[in-house]
K.L.:
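Starting off with a structure, shown below.
All values below come from the heavy atoms of this structure, side chains included, with hydrogens, waters and symmetry mates left out. The chains referred to below are lettered A, B, ... by the order of the sequence lines, with proteins before strands, and numbering in each begins at 1.
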Amino acid sequence: MIPALHNLQFLQPKLLPLAMVDHHHADPVAFPIAHAIEAMSWAGWILWLPMISLVLCGACAALRIRNKLPAIITVLSLAGSFFVTLLLYLNYHEPVTIHLFEWFNIAVGDGNSFVAAFSLYVDKLTLLWMLFVTGLSCLIALYASEYMEADLKSGYARFFAGVSVFVFAMSSLVMGDNLLMLYLGWEGVGFASYWLIGYYYQKPSAVAAAKKAFIVNRIGDLGLALGLYLTWHHFGTIQYTEIFAAIQHGVDAEHGETGGWYIKYIPFMLMLGAFGKSAQLPLYVWLPDAMEGPTPVSALIHAATMVTAGVYLLCRMYPLLEALHPLALPTVAWIGGLTALLAATIGMAQFDIKRIMAYSTVSQLGYMFLGVGVMTTYGGAYHVFTHAFFKAVLFLTCGAIMHGFAGQLDLRKVSGLTKMPGWRIVSWTMFYACLCLVGFPYISSGFYSKDMIMAQAFISHGPGFTALGVIALVTALMTAYYTFRVWFRVCLGPVQYEMGDEHHGDDEHGDDHHGHDKPHAPRWAINTTLLIITLGAIASIVLYYTHWGQDMVAGSSAGGGVPSAHHGETHGFWDDPHTWMPWVASITTVVGIIIAWFFHLAKREAADQLKAILLANPIIRWLPTAMENKWYVDELYHAVIRAPLWIGGHILYWLDMNLLDFAIVDGIAHLPRWLGRAFRPLHNGILQSYAVSMAGGIGLVALLVLFMPRILQWLGGGG
Amino acid sequence: MADKIWFLIPELILLAGVVVVSVLGLSPRKMLRDCLPAVTIAFLLIACVVTPFLYDSDHVSRFHSVMPMLGKYVNMMVCIVGILLALTSAGLIDRRQEASVQSGRAVFDALRANRGEYYAFFLLSLIGVMLCAHANDLIWLFLALELTSLPTYVMVAMSRPSRLAQEAAVKYFFLGAMASAMFLYGFALLYGSTGTIVLTEMQAVFTQQADSEAGINTLGIVGMLLALLGIFYKIAAAPMHFYAADVYEGAAAPVTAFLAFVPKTAGMLAIIMLLSTMGWFSPSGNLPQPILTMLWMVAVLTMTLGNIGALLQRSVKRMLAYSSIAHSGYMLIGIIAGPAAGGTGIDGLGAVLFYLLAYGIMNTAAFSVLAGLERNGQEIESLEELAGMRMRHGLMAAVIAISAGSLLGFPPLLGFVGKLYLFIAGVNAGQIALVVIAGLNSAISAWYYLSIVRQSIMAQPGPQSEVVVRGEAIWPRCAAFLAALAVIIVPIFSWGLMKAADRVTNSPDQLDLLSETQAYQAVKTDSRNP
């Protein structure tokens, strides 16, 4: 009965007004909830292995080991994690929670307690995420073993320790069976991200970027923490099984009026956390700057895995979003759609290829949020999965270029990569990844996942979802343009290059085969990794046709957002967005690619001419300028938030120095020292005096004990 | 009798260790003498591993004691911290003689070698602590306490060849004798008032007296007061704390770490044993008012005097000595809260036992750093010598900063968790004022703990710290690293440990031998059905 009701909305699209869907009347879909099992605690090794690797890398750093040992340790332990995940997947029958050990159990008030076990919640959503998280991190660690070799003397072990922390935290985020473990992982990945963005800690811009990432994320984390607290306050538990059971049981029936006014804010709080971690409007500003970190980090943390934590949170908490507030999902959809559009416009006007990829990540994350918001968690999660592969490839190829050209990232300064010896794998894997990113019809994985999201925007009913669909299509056009702008510029065209100014890796292996001014092509670790991940991207197409992804999402807490794939009833071509969307999207994409081809391969000077024309026209001059300057969002935040805080901070600092510190703290701090001086004569180092003091002290205590009742009486009488 | 011996197996293992190390120490071969710490650690490990297998329900039910399960936790805790302490003191004893033998300036003289004796005393003292946990009569308790203390007097004296150490040992011994006399007097009065020296019987007598009109008889109360005050010497609580700073400063850092943990644990166990005869397990569940008043005053005095004493120090060792006093004060909160904390899962005694472990680890970490670095052949001592340590000995700077943070109770380090449990137990027992005072004291203590952190991490190296070099033996630094690692990692498992500490103090009739998972399930069901 319950699934039937849910499907009804899709069967009769014309009957319902194009307004927001009233979720209070739609019962959440039943999905299997995990039950606890005793065995399978070996699954904990997914977490323990990176932890062990962290300790060993720490030991390597402490013992000043200067070879590739930390990389070997990390790659092996992450491979171990991946195989345990695989084993878990093969042994998977139904959702289970696996208890590892007891963690928090604090009694609060009468009868309430705050329980958070260190347990794993394993359903298909968990497995979907863990498979690519552990798999990709293992491969990217392998890539980094070559990429980071310039730092063998300084930070090699530190880097791999950071990667290990990250995988541990990400695993606990995804696998935890309660919100607190998710929070642990959430903060853990935030910390790892800070650690690795600021890896080049002698570079001021890297330090600033690390701080920015950390601080902007704090805003989101505040939301998550509040959401966690409110969830506990309302449901009395933060364990998924119990929350889901309560939701399925019916929130309204049980808590209804007594549930507290705050219940409807829970989804928004959680959302704020997700927006921060996944770089959505208004908290996206940290992600482009995060590219200051080493490129493997950008690929792993800031493209493939960590930034999808927000999507994971929303998928995991999907029943909650659906049930607690009718506007929760539309908000997600709108934020996602607008972020996608904004980031794409910025991406079109950048010149730094890594930064373009960063904006495209923000934009694609926007698509994922849009997918979740328009009620296709399948689309969202599947896009996360496909995106993880092709975006990892894109970043890794950017990294290979940066590595080979001494830090050169400007797309105007490197050209014709396909024609250079040794760069073939890099340029053609990049080509395929670009196809995936733009969603090239049928042969790219991005096509399937993105279509699903865009089609669903036209199917689901919510405030302005159709407009969002159009926005998504426009964004797809832009995506096609800026992606191929990069590829046509860098990989095709005449061979010419200008080396960057970083002496990246040169002093390490420069003496035998190249000097400062020649690019050096990547070697086996980078090439192998690129090929394997590209194969993964191709393989994820197969997963679409086998309905694997759909199956993975349907059997989990995000199952409410998996619409039955093709629901009969519709006849004409334009009736079912799933029918026409592939065509429309394909055309959009190809048009975008052609524009990019024209401006950036066929007639490269035309792009400059166009820009000059735009800049010459006083009416629309602002547009390219604003786009190139990222719509001045950073400056806006600086003026509205940072500057007032800075001024306030200085006022408080002055007050602190002159009023609190001088007048109050110093005064109080001196009191104990004066007291100490008063007692000092007793500690004079003379044995007899100590004995007397002890005896005297005992006498004093005895007297006090003896007279205590009377003293109390006297005090009581006096007061 | 056989049952009693059964639980003494770990002690017997260590006793075998005593014999082995004292013989090995006389060996003319340097290699054998050098492996003494390893042998000590091996015996401690064996004792630690054996312990959990001894406490099956069958044997425990036949073991007459006020707290039959106490030994399990205590043995393992003592062995683990003992291993760290043994690592810390590796390479300390006979350093000068060994060096001259090495360089050929002298020949090895078994009569002048102290190393074997040192480790023998070391193990004997640990045996004393374990015996405290198994005591069921006053004589046994007294002997166990003395077995803990007597070797430490010698260890202080032999710890380094300086007059300071000799002076410290003499002071420690004389004042210790005075304290022993006092608690022995208290024991005599307890015997006088109850007619028995067996703790379980004494418990029965006191329970009976408490139920009667007249209440517990005054002789008993006075006896208990005297016994407790005497034992306060072992835990360095006011007013018996005067020796601490001088003795801790005089002894070498590894021995100081030993003094701060081992006698303190023995003393705490003795206090728990004695108080459990009077009130805790009676129907009312409260200690008699005079005892409570005395404990309260002593706790407040101890932590306050300890903390303000530490404020004035420039010597890190003296500072840590005073901090050791303050920590005894914090632990007394748990004693005052007692075992019955109303089903909230955190009781006072469990918190004390947990805190002992936490304190043992973090304190050892701090002292190991002092033991692992040296200036002009002497271990480092003053704050000036710590300055700018980050530049020259980064790992050690991190360790001492972490251990200072933990001693301060900085979340999420081990000391924070320990203190949190103590404070929760205190609040649960209604001792709000006491907890507030302890909180204020923690704030005061931030001053000097943070000055350690500041000196080692933020300050620039000065003339005194620039000549600080790594000590000859790597082991103290290994101990420091391990202990600091434990300070960071153990908090993750703290709840399980706390449960283990908690279950230990259940009285015989409510003794449950549930497995870990069963207990977990039980707690979970409890929380679901308010």
K.L.:
Is it the case that atom CZ in A:F214 sees more than 12 heavy atoms from other parts of the structure closer than 6.0 Å?
P.N.:
yes
K.L.:
Given the options A:A695, A:S693, A:A702, A:G236, which has more heavy-atom pairs under 4.5 Å with chain B than any of the others?
P.N.:
A:S693
K.L.:
Rounded to the nearest 0.5 Å, what separation is found between the CE atom of A:M51 and the CD1 atom of B:I489?
P.N.:
6.0 Å
K.L.:
Can you say whether A:A61 sits under 4.5 Å from chain B via the side chain, the backbone, both, or neither, judging by heavy atoms?
P.N.:
neither
K.L.:
With a 4.5 angstrom heavy-atom cut-off, could you sort out which part of B:L175 is near chain A: side chain, backbone, both or neither?
P.N.:
both
K.L.:
Which one, B:V222, B:L301, B:D246, leads in non-hydrogen pairs under 4.5 Å with chain A?
P.N.:
B:D246
K.L.:
Has B:I488 got more than 12 heavy atoms of other residues, nucleotides or ligands less than 6.0 Å from its CD1?
P.N.:
yes
K.L.:
Please classify the contact between B:Y233 and chain A as side chain, backbone, both or neither, with a heavy-atom cut-off of under 4.5 Å.
P.N.:
side chain
K.L.:
Checking heavy atoms, do the side chain of B:L312, its backbone, both or neither come under 4.5 Å from chain A?
P.N.:
both
K.L.:
Return yes when atom CH2 of A:W195 has more than 12 non-hydrogen atoms of other residues, nucleotides or ligands closer than 6.0 Å, and no otherwise.
P.N.:
yes
K.L.:
Is chain A contacted by the side chain of B:M297, its backbone, both, or neither, given a heavy-atom distance below 4.5 Å?
P.N.:
side chain
K.L.:
For the residue pair B:Y243 and A:Y690, is the inter-centroid distance of their aromatic rings smaller than 6.0 Å?
P.N.:
no
K.L.:
Which atoms of B:I291 are under 4.5 Å from chain A, going by heavy atoms: the side chain, the backbone, both sets, or neither?
P.N.:
neither
K.L.:
Using a 6.0 Å cut-off, check whether atom CZ of B:F493 has over 12 heavy atoms from anything other than its own residue.
P.N.:
yes
K.L.:
Checking B:Y322 against chain A: side chain, backbone, both or neither under 4.5 Å from a heavy atom?
P.N.:
side chain
K.L.:
Measure B:M240 against the heavy atoms of chain A and call it side chain, backbone, both or neither at under 4.5 Å.
P.N.:
both
K.L.:
Using a cut-off of under 4.5 Å on heavy-atom pairs, state which of B:N307, B:T304, B:L305, B:V170 scores highest against chain A.
P.N.:
B:L305
K.L.:
Out of curiosity, A:I698 CD1 to B:L226 CG, how far, rounded to the nearest 0.5 Å?
P.N.:
7.5 Å
K.L.:
Can you tell me if B:F173 has over 12 outside heavy atoms packed within less than 6.0 Å of its CZ?
P.N.:
no
K.L.:
By a 4.5 Å heavy-atom criterion (distance strictly below it), what part of B:Q289 contacts chain A: side chain, backbone, both, or neither?
P.N.:
neither
K.L.:
Rounded to the nearest 0.5 Å, how far apart are CG of A:L706 and OG1 of B:T293?
P.N.:
11.0 Å
